[in-house]
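Following: one structure in structure tokens, then a few remarks.
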Amino acid sequence: TGVQTCALPISKNEKKSNEAKNTINFIKNFQTIKIQGNFADESLAAYIKNEGGVVATIDKVLKIKIKNLGGSVLSIANNRIVLENSKDFS
């Protein structure tokens, strides 16, 4: 799959660690795609422009670019998973 995990502790806080592990297990079921190109952000933007979709990121600049192209963004903020819809969706 496209998700990689490691044996390092996610958090010293057991509750947050369990929540993070649950989130990782949840996203393992997401559909992933292969994209081509030399730069990840540019490749993701081109794919979203042509096909639409959802991108998981915490990069603020990439979030804006994806939403302006009609895609949605999945991110984590304040210990919550947040789905931000595109500018065209509202």
Side-chain angles (χ1 to χ4, degrees):
T1 66
V3 176
Q4 296 181 356
T5 58
C6 61
L8 297 173
I10 296 170
S11 173
K12 291 181 181 179
N13 179 311
E14 186 176 342
K15 182 180 177 189
K16 284 189 176 188
S17 180
N18 287 335
E19 289 173 356
K21 289 176 188 174
N22 288 337
T23 301
I24 289 169
N25 287 330
F26 177 71
I27 64 172
K28 284 181 181 179
N29 295 319
F30 284 11
Q31 177 185 1
T32 58
I33 57 161
K34 292 187 184 265
I35 56 173
Q36 296 182 4
N38 294 324
F39 301 100
D41 288 6
E42 290 176 13
S43 298
L44 286 168
Y47 183 87
I48 294 300
K49 182 178 181 181
N50 294 324
E51 305 292 332
V54 179
V55 174
T57 185
I58 58 171
D59 183 297
K60 290 179 183 181
V61 173
L62 182 57
K63 282 183 180 184
I64 293 167
K65 184 181 283 189
I66 294 300
K67 290 191 291 185
N68 285 336
L69 290 170
S72 296
V73 176
L74 185 71
S75 62
I76 298 175
N78 298 320
N79 296 321
R80 295 179 185 208
I81 298 173
V82 178
L83 177 63
E84 301 176 41
N85 292 317
S86 71
K87 300 289 184 196
D88 295 334
F89 190 74
S90 52

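Being a predicted model, the structure only gives us computed values, none of them experimental. Reckoned from all heavy atoms, side chains included, excluding hydrogens, waters and symmetry mates.
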Atom pairs and distances, side-chain donor-acceptor, residues 48-64, under 3.5 Å, sequence neighbours left out:
| residue | atom | partner | partner atom | Å |
| --- | --- | --- | --- | --- |
| Asn50 | ND2 | Ala46 | O | 3.1 |
| Thr57 | OG1 | Asp59 | N | 3.0 |
| Asp59 | OD1 | Val61 | N | 3.0 |
| Asp59 | OD1 | Leu62 | N | 2.7 |
| Lys63 | NZ | Ser75 | OG | 3.4 |
| Lys63 | NZ | Glu84 | OE2 | 3.3 |

Which donor-acceptor pairs under 3.5 Å do side chains of residues 34-44 form with protein atoms, sequence neighbours excluded?
| residue | atom | partner | partner atom | Å |
| --- | --- | --- | --- | --- |
| Ser43 | OG | Gln36 | O | 3.0 |
| Ser43 | OG | Phe39 | O | 3.0 |

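- Residues Asn85 and Lys67 share a closest heavy-atom pair of O-CD, 3.4 Å.
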